[in-house]
Amino acid sequence: MSNHGTAQILLRATREDDLDFILNAEQSAENRPFVTMWSRDQHREAASSEDQRSLIIETVADGRRAGYILLAGLASEHQSIEFRRIVVTEKDKGYGREAFRLVKEIAFYQLQAHRLWLDVKEHNARARHVYQSEGFIVEGVLRDTVKTNDGYESIVIMSMLRDEYLTRREQ
């Protein structure tokens, strides 16, 4: 995969030497409530899989890692790609929104997806706001589907179709 970027960030393929960064990012106190923890082996597999893509968000200015992204379903005959995860370690700098926009570009132009979808914990209002402002539509809620130490959490399913993306790009 070639790198994709903006003036502020670059998305590049995950390497073996990125795995500690990824594990620390998802286990940090500010990200842990919103992310399902994965093992090093799961992240390693995602980085080398034909059906998944693991990407590092890097700052253009100094090459610092600022987060990571996981996509899945790349081999789906249905052309439905899951935006499985975005974890941003440097908040409030616009990196997450820029990375989100680059993922849409990758999904709909490079990977020729018909549909890009994600799930987000219902209590993650910040992420839901970003996704909706970027054109994702709420499809439904999976009630009490994730068991936690405090009980159960619901998951909101959201998506964007290729023609919706192209219409938004033209406006």
Side-chain angles (χ1 to χ4, degrees), residues 1-76 79-113 115-121 123-124 126-128 130-131 134 136 142 145-150 153 155-159:
M1 179 196 132
S2 60
N3 293 338
H4 294 271
T6 67
Q8 285 197 97
I9 63 162
L10 175 75
L11 299 184
R12 65 160 175 82
T14 298
R15 302 182 302 246
E16 180 73 25
D17 65 344
D18 294 316
L19 295 179
D20 284 337
F21 167 78
I22 289 172
L23 292 170
N24 289 332
E26 71 183 20
Q27 293 171 9
S28 75
E30 63 185 359
N31 293 321
R32 192 177 321 120
F34 308 110
V35 180
T36 302
M37 300 295 130
W38 271 18
S39 69
R40 176 179 295 275
D41 286 341
Q42 287 173 298
H43 282 290
R44 184 179 288 119
E45 182 180 321
S48 63
S49 169
E50 291 293 318
D51 191 49
Q52 299 181 72
R53 185 160 295 164
S54 179
L55 303 168
I56 294 294
I57 304 168
E58 217 171 63
T59 61
V60 169
D62 58 8
R64 192 175 64 256
R65 291 177 288 210
Y68 75 95
I69 290 168
L70 293 173
L71 302 176
L74 278 59
S76 167
Q79 297 172 293
S80 182
I81 295 175
E82 178 187 0
F83 191 169
R84 182 166 283 169
R85 188 170 306 165
I86 180 170
V87 173
V88 177
T89 55
E90 296 193 29
K91 312 276 191 223
D92 300 319
K93 296 182 180 179
Y95 299 153
R97 186 178 292 272
E98 283 192 44
F100 191 74
R101 289 177 176 165
L102 286 171
V103 165
K104 291 189 299 184
E105 184 178 306
I106 291 166
F108 293 119
Y109 283 112
Q110 181 186 348
L111 300 173
Q112 294 295 303
R115 178 176 179 264
L116 180 63
W117 70 278
L118 56 83
D119 64 42
V120 57
K121 291 184 178 180
H123 67 84
N124 192 348
R126 180 180 186 163
R128 288 176 54 202
V130 170
Y131 303 152
E134 287 294 321
F136 272 58
L142 302 176
T145 193
V146 177
K147 186 174 182 181
T148 68
N149 292 335
D150 300 324
E153 294 179 338
I155 300 292
V156 177
I157 305 297
M158 304 177 78
S159 73

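Everything quoted here is computed from the prediction, not taken from an experiment.
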Nearest heavy atoms of [X] and [Y], plus distance in Å:
X	Y	value
G63	E58	O-CG, 3.3 Å
S54	A47	CB-CA, 3.9 Å
W117	S80	CD1-OG, 3.4 Å
V120	M158	CG1-SD, 4.0 Å
K121	V35	NZ-N, 4.3 Å
I81	A113	CD1-CB, 3.6 Å

Could you measure the distance from the [atom1] atom of [X] to the [atom2] atom of [Y]? Nearest 0.5 Å is fine.
X	Y	atom1	atom2	answer
E153	T148	CD	OG1	5.0 Å
R115	E82	CZ	CD	9.5 Å
I56	L11	CD1	CG	9.5 Å
L116	E134	CG	CD	11.5 Å
Q27	I22	CD	CD1	11.5 Å
I106	R53	CD1	CZ	7.0 Å

Compare all side-chain heavy atoms of [X] with those of [Y] and state whether any distance is below 4.5 angstrom.
X	Y	result
L118	Y131	yes
E16	R44	yes
N31	K91	yes
L71	F83	yes
L70	H43	yes

Is it true that a side-chain atom of [X] and a backbone atom of [Y] form a donor plus acceptor pair closer than 3.5 Å?
X	Y	value
D18	R15	yes
D119	V156	no
Q79	Q112	yes
T89	A66	yes
Q42	S39	yes
T145	I155	no

Practice task
Carefully, step by step, assess F136 and F100 under the rule ring-ring contact (aromatic ring centres under 6.0 Å, His included).
Solution key: CA-CA 11 Å; F136 272 58; F100 191 74; 5.2 Å; yes

Problem - Stepwise side chain to side chain contact (heavy atoms under 4.5 Å, CB included) check, F34 with R126 - result: CA-CA 11 Å; F34 308 110; R126 180 180 186 163; over 6 Å; no

Practice task
Output, in order, the C-alpha distance, side-chain angles, deciding distance and verdict of side chain to side chain contact (heavy atoms under 4.5 Å, CB included) for I69 and L102.
Solution key: CA-CA 11 Å; I69 290 168; L102 286 171; over 6 Å; no

Handout entry: Over-ring placement of R85 relative to W38, 6.0 Å and 45° cut-offs
Key =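 Ring-cation test returns yes.
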
Practice task
Assess whether atom CG of N149 is packed by more than 12 heavy atoms of other residues, nucleotides or ligands within 6.0 Å.
Solution key: no

